[in-house]
Amino acid sequence: MTKAIDCLINVHFGETEKQPTWMLKVRDDYFKGPESMFAPVDLTELLDEMDEQGVAKAILMDNVAKPSTTARKFVEAKPDRFALAMGGVNLLRPMPALRELSAVVADLPVAYAVVGPSFWGDGQYPPSDAVYYPLYTKCAELGLPLCINTGLPGPPIPGEVQNPIHLDRVCVRFPELKLCMIHGADPWWDIAIRLMIKYENLHLMTSAWSPKRLPESLLHYMRTRGSTKVIYASDWPVLKMRRVVPEALALDLPADALENYLYNNAHNFFFGPKEEH
């Protein structure tokens, strides 16, 4: 039977009565999604879909500045099935948010912190900028993985800051930091692959990507020297597990590489022993 960890799930959309315009454009123009994409989430229905697709655990998006009541309620109800991903760190005034991040990590099951360079500061700060350094330092100290959006974003906002090449300097300066590129790396897949070959601490998550749309260069890397580097995620409900898990199972991957992609890589990277520095 399929066994998977879904590393990026959004249960907070339904907490907002009106989504920002850019979110509506992503739904309507980019993913051609239904209006129900932003509806409140029922715990039982989510667990049913997870069980149906063999998803043993899911990581729910949360925010240190605006905590998701739904995500934290789900974690409290099913701590064996859910963990949190914490975004919302104000990198221009970082200390209060980093104190809150440390407190949440101490109290709740947090799998990783997350930041999207195109989605704050008008997209003017690449990940190599010093404004990120307090977050990098704190995550390294906590042994907490950090996920960073890479690839051109769907909304009509500046995307150059999400070129994976900006992580080259980060990996050099913070070799202790567990880093993961999320939402793929289009159109810079080859740069992302080359960086993962170069840096042991760098991984990639295919959240928001239909597995059947993944480029052959990435699949070749997963079959060969990158079998432990690429991590599955859906970005549910943007892409439903009922769609992406079957697509993943249909990929031209050896059984061990597929098992790593769906489960082992996430388990080792996000839920393995934390090494504090």
Side-chain ion pair, Asp80 and Lys57, N-O less than 4.0 Å
no
Is it the case that more than 12 heavy atoms not belonging to Asp122 sit under 6.0 Å from its CG atom?
no
Verify the distance criterion only: is there a donor paired with an acceptor across the side chains of Tyr261 and Ser227 at less than 3.5 Å?
no
Report the C-alpha separation of Glu49 and Trp236 in whole Å, then their side-chain angles, then the decisive distance to 0.1 Å, and conclude whether the side-chain hydrogen bond (donor to acceptor under 3.5 Å, both in side chains) test is met.
CA-CA 11 Å; Glu49 186 171 352; Trp236 188 99; 3.0 Å; yes
Is there side-chain contact between Ile197 and Tyr221, with heavy atoms separated by less than 4.5 Å?
yes
One pair to check against side-chain hydrogen bond (donor to acceptor under 3.5 Å, both in side chains): His183 and Ser207. What are the steps and the verdict?
CA-CA 5 Å; His183 293 346; Ser207 48; 2.8 Å; yes
Do Thr150 and Ile182 come close enough that some side-chain heavy atom pair is under 4.5 Å?
no
Please report the closest heavy-atom contact between Ile59 and Ala111, naming both atoms and the distance.
CD1-CB, 3.6 Å
Taking the six-membered ring of Phe269 as reference, does the cationic atom of Lys178 (NZ for Lys, CZ for Arg) lie under 6.0 Å from its centre and within 45° of its axis?
yes
How close do Pro211 and Val244 get, counting heavy atoms only, and between which atoms?
CG-O, 3.5 Å
What I'd like to find out is whether the side chain of Ile231 reaches to under 4.5 Å of the side chain of Phe270, using heavy atoms alone.
yes
Starting from the C-alpha separation in whole Å, work towards a yes-or-no answer on side-chain hydrogen bond (donor to acceptor under 3.5 Å, both in side chains) for Arg173 and Tyr136.
CA-CA 10 Å; Arg173 293 170 177 170; Tyr136 297 156; over 6 Å; no
Within a reach of under 6.0 Å around NZ of Lys240, are more than 12 heavy atoms found that belong to other residues, nucleotides or ligands?
yes
Are the side chain of Gln162 and the backbone of Gly151 linked by a donor-acceptor contact shorter than 3.5 Å?
yes
Under a 3.5 Å threshold, yes or no: a donor from one side chain and an acceptor from the other, between Asn265 and Tyr232?
no
Asp252: partners by salt bridge (Lys or Arg N to Asp or Glu O under 4.0 Å), with sequence neighbours left out
Arg223
From CG (Leu251) to CG (Leu214), nearest 0.5 Å
6.5 Å
Would you check if there is a donor-acceptor pair between the side chains of Ser68 and Asp62 at a distance under 3.5 Å?
no
For the CZ atom on Arg225, are there more than 12 heavy atoms of other groups (residues, nucleotides or ligands in this structure) within a distance under 6.0 Å?
no
Between Glu76 and Lys73, is there a side-chain N and carboxylate O pair less than 4.0 Å apart?
no
Tell me yes or no: between the side chains of Ser210 and Glu247, is some donor less than 3.5 Å from an acceptor?
yes
Minimum side-chain heavy-atom gap Leu179-Tyr199 below 4.5 Å:
no
Are the side chain of Gln53 and the backbone of Met50 linked by a donor-acceptor contact shorter than 3.5 Å?
no
Could you state the interatomic distance from CD (Glu200) to NE2 (His203), rounded to the nearest 0.5 Å?
8.5 Å
Between the main-chain N or O of Leu202 and the side-chain N or O of Lys229, is there a donor-acceptor pair closer than 3.5 Å?
yes
Taking all non-hydrogen atoms of both residues, which atom of Tyr132 and which atom of Tyr125 are closest, and how far apart?
OH-O, 2.8 Å
Roughly how far, to the nearest 0.5 Å, is CG of Leu195 from NE2 of His166?
11.0 Å
Straight-line distance of Ser118 OG to Asn149 CG, nearest 0.5 Å
7.5 Å
Does Met241 reach the side chain of Ile9, with side-chain heavy atoms less than 4.5 Å apart?
yes
Scan residues 81-106 for pairs that pass salt bridge (charged side-chain N to carboxylate O under 4.0 Å, His left out), counting only residues two or more places apart or in two chains.
Asp51-Arg81
With rounding to the nearest 0.5 angstrom, report the CZ to CG distance, Phe13 to Asn10.
3.5 Å
Asn201 side chain reached by Cys171 side chain, heavy atoms, under 4.5 Å:
yes
Side chain proximity check, Asp235 to Trp209, heavy atoms < 4.5 angstrom:
no
Quick one: pull up CG in Leu144 and OH in Tyr112 and give me the separation to the nearest 0.5 Å.
10.5 Å
